[in-house]
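Here the structure is laid out as structure tokens; the discussion comes afterwards.
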Amino acid sequence: FKFKFVLISVLWVVFQSGCVGPGQMTVPVEKRIPLSKDTPQEGSWESYDVALRYQFVEQSGAIQISVRGKAKRRYDQLVVWMKLVDAEGKVLETKNIYNSGYRSGSSRGKLHKGKIEKTFELPPGATAIAFQSSLTPHRPRR
């Protein structure tokens, strides 16, 4: 059963991304969050699955990001990604911000206790970030 779930999850992510790799997928202008060197930025982002509060700063070719959030419904697995995009909206890289694991103890509605802090190197040409999430709804065990 776990193998089938993993296979279906992988296929779902591929399907959502339009079956394309980095550099081929684009992010619409209204979903991009511009980078501003050495200027801390904060805001919120919401999807059907999750509501996030974020803070980040771009310094010396890297981005330091801090995220707090909450899922909007109970889940078996929740994954949140940050996409690094260029001026045309092309996705240069996708970074994993959070993965609850399948049916882990954290799947009771909270994204994570406390805040998640990560630092990522920026690829050349990155001018903005965007978020993406995927939630596997909770299903009672039989």
Side-chain angles (χ1 to χ4, degrees), residues 1-140:
F1 176 75
K2 287 184 181 182
F3 174 75
K4 286 181 183 178
F5 175 76
V6 170
L7 180 62
I8 290 170
S9 296
V10 168
L11 291 174
W12 176 252
V13 169
V14 169
F15 175 75
Q16 279 189 316
S17 67
C19 301
V20 294
Q24 297 171 324
M25 186 171 31
T26 60
V27 175
V29 173
E30 65 274 7
K31 298 203 182 221
R32 295 182 216 161
I33 303 164
L35 295 172
S36 180
K37 193 168 181 158
D38 299 322
T39 304
Q41 298 178 63
E42 61 181 65
S44 60
W45 176 83
E46 211 169 304
S47 71
Y48 180 72
D49 304 322
V50 67
L52 301 177
R53 296 274 317 145
Y54 61 84
Q55 296 177 324
F56 67 88
V57 65
E58 175 196 353
Q59 292 179 322
S60 304
I63 184 170
Q64 296 173 328
I65 188 161
S66 171
V67 178
R68 290 183 187 267
K70 183 170 182 176
K72 294 183 176 180
R73 55 198 163 126
R74 201 162 172 215
Y75 57 88
D76 282 340
Q77 184 170 19
L78 175 63
V79 183
V80 178
W81 297 277
M82 177 179 67
K83 299 190 174 296
L84 300 163
V85 301
D86 69 8
E88 297 172 356
K90 289 182 187 172
V91 175
L92 302 172
E93 289 185 24
T94 300
K95 302 292 186 178
N96 187 315
I97 297 289
Y98 178 78
N99 187 334
S100 69
Y102 184 69
R103 289 199 170 178
S104 69
S106 64
S107 64
R108 292 188 176 80
K110 291 185 178 178
L111 180 62
H112 182 76
K113 292 181 181 177
K115 63 183 166 179
I116 299 164
E117 295 182 338
K118 299 211 174 192
T119 300
F120 300 108
E121 293 293 319
L122 288 172
T127 61
I129 66 170
F131 292 102
Q132 180 181 3
S133 66
S134 175
L135 181 141
T136 304
H138 176 70
R139 302 218 192 289

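We count residues from 1, following the sequence as given. It should be emphasised that the depicted structure is a prediction, and the values quoted were computed from it without experimental measurement.
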Review point. Could you give the distance from CG (Leu52) to CD1 (Ile65), rounded to the nearest 0.5 Å?
Key: 8.5 Å
Point to revise | side chain to side chain contact (heavy atoms under 4.5 Å, CB included) evaluation trace for Ser134 with Trp81 | key: CA-CA 9 Å; Ser134 175; Trp81 297 277; 3.7 Å; yes
Revision key, fill the gap. From the list Thr136, Leu135, Asp49, side-chain contact (heavy atoms from CB on, under 4.5 Å) partner of Tyr75 resolves to Leu135
Practice item. Using the side chain to side chain contact (heavy atoms under 4.5 Å, CB included) rule, take Gln132 and Val79 through it: C-alpha gap first, then chi angles, then the decisive distance, then the call. Key: CA-CA 8 Å; Gln132 180 181 3; Val79 183; over 6 Å; no
Review point. Rounded to the nearest 0.5 Å, how far does CG of Leu92 lie from OG1 of Thr127?
Key: 8.0 Å
Review point. Can you find a pair of side-chain heavy atoms, one from Trp45 and one from Val50, that are under 4.5 Å apart?
Key: yes
Practice item. Measure the spacing between CG of Leu35 and CD1 of Ile63 and express it to the nearest 0.5 Å. Key: 5.0 Å
Review point. Nearest heavy-atom pair of Lys90 and Asp86: which atoms, and what distance?
Key: N-OD1, 2.9 Å
Practice item. State, yes or no, whether a side-chain contact exists between Gln64 and Glu117 at a heavy-atom distance under 4.5 Å. Key: no
Review point. Among all residues two or more places apart in sequence or in another chain, which pass the side-chain contact (heavy atoms from CB on, under 4.5 Å) test with Glu121?
Key: Ala62
Practice item. Could you give me the CA-CA distance, side-chain angles and deciding distance for Ile33 and Tyr54, then say whether side chain to side chain contact (heavy atoms under 4.5 Å, CB included) is met? Key: CA-CA 11 Å; Ile33 303 164; Tyr54 61 84; 3.5 Å; yes
**Study point:** More than 12 heavy atoms of other groups within 6.0 Å of Lys95 NZ
**Key:** yes
Check your understanding: If you round to the nearest 0.5 Å, how far is NZ of Lys72 from OG of Ser47?
Key -> 6.0 Å
Review point. Of the non-hydrogen atoms in Pro137 and Asp76, which two are nearest, and what is the gap between them?
Key: O-OD2, 3.5 Å
**Study point:** Pairing residues for Ser36 by the side-chain contact (heavy atoms from CB on, under 4.5 Å) criterion, not counting sequence neighbours
**Key:** Thr39, Gln41
Check your understanding: Taking the side chain as C-beta and beyond, is there a heavy-atom pair between Glu93 and Phe120 under 4.5 Å?
Key -> no
Practice item. Measure the shortest side-chain to side-chain distance between Lys118 and Tyr98 over non-hydrogen atoms and say whether it is less than 4.5 angstrom. Key: no
Point to revise | Lys83 (side chain) donor-acceptor with Arg32 (main chain) under 3.5 angstrom | key: no
Exercise for review: Could you grab the distance from atom CE of Met82 to atom CD1 of Ile97, nearest 0.5 Å is fine?
Suggested key: 4.5 Å
